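Remember, it's a predicted structure, so these values are computed and weren't measured experimentally. The chains referred to below are lettered A, B, ... by the order of the sequence lines, with proteins before strands, and numbering in each begins at 1.
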Protein chains: 2
Amino acid sequence: MSSVRQIAGELGISVATVSRAMNQHAGVSEETRKRVLMAADKYQYRPSMGRKPTNVIGLVYPEEPVHSDIGDFEAALLSGILRGVYEKNHDLTFISAARDKHVDETYTQFFHRKGVRAIIMRSLGDTSLVEQIAAEEFPILLVADRSDDPRVNFIHSTSGDTSRKAVQHLVELGHKRIGLAMHNVVDTDHEDRKAGYMNALTEAGIAVDADLIVEAEANTSGGESMLTSLLQLDNPPTAVYFTNPMSTIGALHKCLKLGLNVPRDLSIVGFDDSVTRLQSFPRYTAVCQDAVSLGEEAARWITTAAQNESQSVFREVRPTTFEIQESTAYPSMTPARIDADGNLVHTV
Amino acid sequence: MSSVRQIAGELGISVATVSRAMNQHAGVSEETRKRVLMAADKYQYRPSMGRKPTNVIGLVYPEEPVHSDIGDFEAALLSGILRGVYEKNHDLTFISAARDKHVDETYTQFFHRKGVRAIIMRSLGDTSLVEQIAAEEFPILLVADRSDDPRVNFIHSTSGDTSRKAVQHLVELGHKRIGLAMHNVVDTDHEDRKAGYMNALTEAGIAVDADLIVEAEANTSGGESMLTSLLQLDNPPTAVYFTNPMSTIGALHKCLKLGLNVPRDLSIVGFDDSVTRLQSFPRYTAVCQDAVSLGEEAARWITTAAQNESQSVFREVRPTTFEIQESTAYPSMTPARIDADGNLVHTV
DNA sequence: GATTCAAAGCGTAACAGTTTCATTTTGAAG
DNA sequence: CTTCAAAATGAAACTGTTACGCTTTGAATC
């Protein structure tokens, strides 16, 4: 195995020049650089030590190995993060703290050992890890969640206000019994959506009915089951707000199977992270957040934070938008419900 | 800024011990390790040089920055890769060859500089880059594509045979005019699917009609437009095979909009990378590949290849499966088509 | 109880690459 | 021809790692 010294000796130049040439540093003539690189190739030179790759951002998930498949939101977020990171000439690497961190190591030591300069972190509800890392003053950005800890940087979307607007829209159409179908894992975003729902009802003078609030997993079968249980109520809702894209899709699918016409028999407001609302039948009215640009913005901030040491706390809250599509209309005169046999009936 | 020597001096031990302690190497007592790590934390020690993080697999995409959003297939593949890589105690990092590689550098030099030991590569049709890297004998695995170059390792799914089976299924149901709706970007997988379609028709003694083969982008609007142009033919198909999940979804969506009943008025066979076929209305009959396990297997192989130097060529071809769901049936007696005004009509 | 022996723990010194700073070279302006 | 600044380079100092050898420890064996 060859070393910089051998190559330097071979070419009759100094090790410093070889090192500079290998690392694309300035101060080496183009001709010397080529000679060095060719010699390195010829002697199969492999740096055995060398500076750690710089400009690397770590992406940390709370659980390892990534146990569930990467969903719609995660994929869109990752797209954005990658784009932002590339734009700023950084690389992105997945880090598994759960697997690789030694107990006695501080997080800062761990990340330095892994060769990352800063961290983008996803937290599924539990922000204690982020807070711990932020306390060490290692550059970290929590994405798509928030924390009360004053040291934690985060960027997320608020869907509380837009959720209120969405439910108001239903109220204005004349709906009085409006269901809420939520994710059964509590995080701040879903809390906000629930709060928005409550506020809209309270403002409209409509009492909140606990029966109309259901929870399930954030996937299509969760959506189906939530729709089913809502429609099995004696006094079913005429409109439902699904706070998650996949459950919205599942619910719409279930409606098609039941032969229930959306929006004539039931109005549905959904949630969308990307463009799912436009790819369903019917296209659904939704509270929309742009996960791609959330990721992009996160990457842009963390890359600059990785370079300028002391940065002030960053807390960006991005608005969500409310977009009316084809899944909401005036309430049905004869609200649909599912009877004991699982059949669709219309109440009078 | 402190160094290993300062810490060693402070604790009255040697630099070797400090170095070993910092890198979780054996040969250091637990007590000494703790003292070192605490001192390192106290003096804010940051290794300025140090060994590059080992056990890192690079993920390379042909185009940079990842210009399109990460789609269904890419997300599923990435899930699998991550899981496989984690399982083998490696890390995964995104590498941008287009952006960072210096022209005079060999790929091997470039990857060493980036600190990656092996590469998983996606190629969208053009395999010349993989071949070039494989020629340097750098460990690389092409995933979800293949190459004729005898040095290239690859893992992919064959959908040719299963596509033939899918079209045979339609033939057996009685269909004679069967459309093919393809991705307009040529890669080996889509070539195979087309070949399977052709074979099935030829075997059944049905002449291939070029009018029935259409191409568009692999997304929902591509699916819609392909369906539309097929149904606008004077002699429209009674069944169509869509070789891509998103275009299948787009076509099904378009059918719902047109009021065209699938499978009564038109049979549709689609393609699925994960579980999309079960989340549509109706659930669609599909040629299915498991992108997650493809990624897992890819990660497992490349991690072992990254360690044992000379490995024999690896070429795994995974079967796809054909799954009958609700979108295929006997051909309609009155095939549907779209007239000049864009309305649905039934031919007699 | 003495002996043996292997493993664990640690230090010295050699080694790998990088970077600072001084020196030389180059090239263009005066 | 001189001057001077920028570019290119080298010597030496510096960073972190590792091979190898020494010491200690503790348990098995005689």
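In this entry the distance linking CD of B/Gln6 with P of D/dT15 reads 7 Å, nearest Å. Distance B/Glu31 CD to C/dA8 C1': 14 Å, rounded to the nearest Å. Counting to the nearest Å, the C1' atom of D/dA11 and the CD1 atom of A/Ile13 are 14 Å from each other.
In this model, a donor atom of one side chain and an acceptor atom of the other lie less than 3.5 Å apart for B/Tyr43 and B/Glu10.
Taking the ring-ring contact (aromatic ring centres under 6.0 Å, His included) definition, one finds that A/Phe110 meets it with nothing, sequence neighbours left out. Taking the side-chain contact (heavy atoms from CB on, under 4.5 Å) definition, one finds that A/Ala134 meets it with A/Ile140, A/Arg151, A/Val152, sequence neighbours left out. Listed by chain and residue number, B/Val185, B/His190, B/Ala218 satisfy the side-chain contact (heavy atoms from CB on, under 4.5 Å) test with B/His183 (two or more places apart in sequence, or in another chain). Residues passing the side chain to side chain donor-acceptor pair (under 3.5 Å) test with B/Glu296 are B/Arg83, B/Arg300, sequence neighbours excluded. In terms of the salt bridge (Lys or Arg N to Asp or Glu O under 4.0 Å) criterion, A/Arg5 has no residue partners (sequence neighbours excluded). Checked against side-chain contact (heavy atoms from CB on, under 4.5 Å), B/Arg146 has the following partners two or more places apart in sequence or in another chain: B/Phe154, B/His156, B/Thr188, B/Asp192.
Under the ring-ring contact (aromatic ring centres under 6.0 Å, His included) criterion, the residue pairs touching residues 121-152 of chain B are B/Phe111-B/Phe138, with sequence neighbours excluded. For the side chain to side chain donor-acceptor pair (under 3.5 Å) condition, the pairs that include at least one residue of residues 30-41 of chain B, sequence neighbours left out, are B/Ser29-B/Thr32.
When distances are taken from the side chain of A/Val28 to each of C/dG11, D/dT9, C/dG9, the shortest belongs to D/dT9.
Taking a 4.0 Å limit (strictly below) on heavy-atom distances, residues 111-119 of chain B does not reach DNA chain D anywhere.
Comparing the helix axis at one end of the helix from C/dG1-D/dC30 to C/dG30-D/dC1 with that at the other, each defined from 5 consecutive pairs, gives an inter-axis angle of 10° (nearest 10°).
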Give the table of side-chain donor-acceptor pairs shorter than 3.5 Å for residues 113-124 of chain A, with sequence neighbours excluded, one pair per line with atom names and distance.
residue, atom, partner, partner atom, Å
A/Arg113, NE, A/Glu105, OE2, 2.6
A/Arg113, NH2, A/Asp100, O, 3.3
A/Arg113, NH2, A/Glu105, OE1, 3.1
A/Arg113, NH2, A/Glu105, OE2, 3.3
A/Lys114, NZ, A/Asp100, OD2, 2.8
A/Lys114, NZ, B/Asp91, OD2, 2.7
A/Arg117, NH1, A/Thr54, OG1, 2.5
A/Arg122, NE, A/Glu74, OE2, 2.6
A/Arg122, NH1, A/Val143, O, 3.4
A/Arg122, NH2, A/Glu74, OE1, 3.2
A/Ser123, OG, A/Asp145, OD2, 2.8

Any protein N or O atoms within reach of nucleotides 16-19 of chain D? Criterion: under 3.5 Å, listing atom names and distances.
residue, atom, partner, partner atom, Å
D/dG16, OP1, B/Tyr45, OH, 2.9
D/dG16, OP2, B/Val4, N, 3.0
D/dG16, N7, B/Arg5, NH2, 2.4
D/dG16, O6, B/Arg5, NH2, 3.2
D/dT17, OP1, B/Asn23, ND2, 3.0
D/dT17, OP2, B/Ser19, OG, 2.6
D/dT17, OP2, B/Asn23, ND2, 3.4
D/dT17, O5', B/Ser19, OG, 3.4
D/dT18, OP1, B/Arg51, NE, 3.0
D/dT18, OP1, B/Arg51, NH2, 3.4

